[in-house]
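Let me begin by presenting the structure, written as structure tokens, before commenting on it.
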Amino acid sequence: MSHGAQIGGSIRRRLVLQLLVVAAILSGLLYFTVRSVADQAVEATQDSILGSAAIAIAEELRGGDEALVIDIPYAAFSMLGAVGEDRVFYRILADDRTETGYADLPLPQRPLSGLSAIYYSASYDDADLRLAAVERSVLVAGANVRVVVVVGQTRTAKQAIVGRMANRAAALGLGFFAIAAALAVLTARSVLAPLANLAEAVGRRGPQDLRPVTRPVPLELVPFVAALNGFIGRLGVALSRTETFIAEAAHHIRTPLATVRAQAEIALRQAGDDRIRATLRSVIRAVDDSARSAGQLLDHATVVYRSDQRADEDIDLGALVEAVLRSFAPTAELKDIALTADRPEQPVKVWGDRLLIESALRNLVDNAIKYSPPDTEVTVELREAKLRAILRVLDRGRGLAGMDASGLTGRFKRGANVEDVIGSGLGLTIVREVARAQRGTFKISQRKGGGTCAELSIPLR
Amino acid sequence: MRFLLIEDNADLARSVQTRLSLDGHGVDWAASLSQAEDHLATAGYDLILLDIMLPDGDGRDFLSAHRRARRDTPVIVMTARSAVTDRVALLDTGADDYVTKPFDFSELEARVRAVLRRRAGSAQTLQSFADLTFDPLGAKISVGSQSRELRSRELRLLEVLLSAPERIFSKGQLCDRLFSATEAVTDNAIEVYVGRLRRKLEGSRARIETVRGVGYRLTQT
Ligand SMILES: Nc1ncnc2c1ncn2[C@@H]1O[C@H](COP(=O)(O)OP(=O)(O)OP(=O)(O)O)[C@@H](O)[C@H]1O
Ligand SMILES: [Mg+2]
């Protein structure tokens, strides 16, 4: 439906993209938040275990008369072991001297504060450690000794837990993003729905329908609809001005032509001289010729215009045939041509533009009458066959006499058989145009037994 | 026949008047809708010839008013608008038929005949000559109890001859009445139709006489 419009971006795409960017940012935030909360929670758990282990060890230290008694409670380590496959390190210092444990286990940078543990991270033995340190003074040989207990543990298990939780967080973020994306598409669609409805309502209009758009629209579309209605109004004015102009032009040109023709006919009645009569006849011919051409040109333009802007309806071809024949009856009668219809009793329904089909039929009947001699028959045959309505106009006239029938539908193309019959060569062009617009076919051929058969076929309703 | 011609262009109106009077019709001319109303109030007409663009209004409005008032004088519109759309609209407004300017008078006459036939049937305009009764609308002649159909050209030929019995019409004159001005016919083409009409007249006292070298006349024995 881009139909001649320049495409400059898409509101839907822009809307969806913006909603997706917001969703992506929110998903990212969600992921990092969940991850860091998990990280902190796991770290806090490890810290509290490390802290309790350090305190448990520190509390088991006893002073002695000669030396510090270190009695490591293994329960403390089993507590640590529960965390996982992590290695555990410890170091106990008395007055800054390592009494037992790993002598190079790093100490905290910050000052210690008694039995409330200090937690810190450090790297040791190519591993990432989390450590807890406590201090306490113990009376050894009557002197206060400052004892520091450091307990450390690698963080493999913690990282595994955090990794698992991060995966969950990532899945959560992705899920959130997917739902948000689907919602974005739906939102874009529902936001744009009134626009699509409006476009459809305007697009469905018939060619003559220049009423303003009155269907309710969302507030945001009001300026657009107001502008559209303004435009429709101006178009209507311009069209009716053009129509008036064409009508007036036709009136002012055709009225004097009618006068000329009538005067020439009067003179023809009164003239006796053959040369004058011949001249008068050619004046009348010229008048008829120009009027016919002007009329056919206008009809052709109308048909081409209406082929794009169709006003389709249910048409009964039988009734249409009768109406056209009624209007041609006097013309046929003038030449004593018997003009008859041969059609089924029941209606033959097609879906199309009545005016287009009527124009086509008029041109075919016009041809049949004017290319036939007096005292002959012209028959309009209507048939239903294989989902098609077939209209045949049959005459016993001069026929196509070995002419190339396909060339006759060209613009301004007249056959070699026309002799002195007046015409502009647009009749069959109009018929072909109508056949195309109605998704039908047209062919004209020599009729068996003499004359012409013109056949227009249109898909049935 | 008596026509009311409603047409604002004086030149055209005069030519139509003259041209129709050549065929023996009487034509009153109204240059505007108000004049037309005056005419219609005082006289009866067989047919109204109506132009669409008039100084004091649109012919189509006249037409709808005419139909609303249930006046049944048939109306043939002379339109300058030949486009398919306009033609359809005209008939919808209530015109009995239309001709597109410039028009052929024999076609106009044929349309008038068709409209009158549709409207009134026949029998109102019977003409008689000798023992012959002629019904132009029904396209019939009858002699005694015997009636015969006439084809269009036979009918028109008889009409011309009957318009002035005993008068001699030349072949050229008759051709002008039978063939449209753009048809290329030789004067001898008329002989065919004279022959046919003679056969139809057989058994009556009316007959068509050939006046050698001059033409034909209708006479009775
Ligand atoms: N029924 C027919 N019998 C013989 N020839 C025909 C018939 N119909 C069409 N033709 C030929 O096809 C030609 C094209 O027809 P077409 O109706 O397009 O033009 P036209 O009749 O010459 O002019 P107009 O536009 O005024 O109808 C005619 O000039 C004529 O030679
Ligand atoms: Mg044609």
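Note that the structure is predicted; figures quoted are calculated from it, not measured. Residue numbers begin at 1 in each chain, while the letters A, B, ... track the order of the sequences.
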One option among E107(B), R153(B), R113(B) has the most heavy-atom pairs under 4.5 Å with chain A, and it is R153(B)

Chain A shares the most heavy-atom pairs under 4.5 Å, among K101(B), M78(B), R14(B), with K101(B)

*Keeping the roles fixed (side chain from D58(B), backbone from M53(B)), state whether a donor-acceptor pair exists under 3.5 Å.*
no

### Query
Quick one: does D96(B)'s side chain have a donor or acceptor within less than 3.5 Å of a partner on V75(B)'s backbone?
yes

The interface call for E419(A) against chain B, heavy-atom contacts under 4.5 Å, is neither

Honestly, the part of F179(B) sitting under 4.5 Å from a heavy atom of chain A is neither

TODO: Decide whether T79(B) and R254(A) meet the rule of one side-chain donor and one side-chain acceptor closer than 3.5 Å.
DONE: no

Among A329(A), P256(A), P374(A), the residue with the most heavy-atom pairs under 4.5 Å to chain B is P374(A)

If one checks every heavy atom of D8(B) against chain A at 4.5 Å, the contacting part turns out to be side chain

Scored by heavy-atom pairs under 4.5 Å with chain B, the best of E265(A), R354(A), R281(A) is E265(A)

So, the part of E109(B) with a heavy atom under 4.5 Å from chain A: the answer is neither

Checked A181(B), A114(B), G172(B) vs chain A; the most non-hydrogen pairs under 4.5 Å come from A181(B)

Assert top hit (heavy-atom pairs under 4.5 Å, partner chain A, pool R156(B), R19(B), E7(B), E183(B)) equals R19(B)

Under 3.5 Å, is there a donor on one side chain and an acceptor on the other for S372(A) and K335(A)? no

Applying a strict 4.5 Å limit to non-hydrogen atoms, the region of D104(B) in contact with chain A is both

Most heavy-atom pairs under 4.5 Å with chain B, out of S327(A), A258(A), G272(A), belong to A258(A)

Highest number of heavy-atom pairs under 4.5 Å with chain B among I422(A), I253(A), L268(A), I246(A) belongs to L268(A)

Under 4.5 Å to a heavy atom of chain A? For S170(B) that would be neither

Most heavy-atom pairs under 4.5 Å with chain B, out of I284(A), V260(A), L280(A), L334(A), belong to L334(A)

TODO: Verify whether one side chain among R261(A) and Q263(A) offers a donor that lies under 3.5 Å from an acceptor in the other.
DONE: no

Checklist line | Whether T429(A) side chain and T409(A) backbone form a donor-acceptor pair below 3.5 Å | finding: yes

Taking the side chain from K200(B) and the backbone from E149(B), do they hold a donor-acceptor pair closer than 3.5 Å?
-> yes

Most heavy-atom pairs under 4.5 Å with chain A, out of D11(B), V16(B), V112(B), belong to D11(B)

Bottom line for D176(B): the part with an atom under 4.5 Å from chain A's heavy atoms is both

For the residue pair R241(A) and F245(A), would you count it as a cation-pi contact if the rule is NZ or CZ under 6.0 angstrom from the ring centre and within 45 degrees of the ring axis?
no

query = Are E333(A) and R117(B) within salt-bridge range, i.e. N to O under 4.0 Å?
reply = yes

Checklist entry - When you measure from the side chain of T255(A) to the backbone N and O of H252(A), does any donor-acceptor pair fall under 3.5 Å? => result no

Item to complete: Measure from the side-chain N and O atoms of D23(B) to the backbone N and O of H25(B), and report whether any donor-acceptor pair falls under 3.5 Å.
Response: no

With chain A, the option among N9(B), D97(B), L22(B), T18(B) that has the most non-hydrogen atom pairs under 4.5 Å is L22(B)

The interface call for L257(A) against chain B, heavy-atom contacts under 4.5 Å, is both

One should read off an interatomic distance between R285(A) CZ and S290(A) OG, to the nearest 0.5 angstrom, of 12.0 Å

Checked D274(A), D288(A), D375(A) vs chain B; the most non-hydrogen pairs under 4.5 Å come from D375(A)

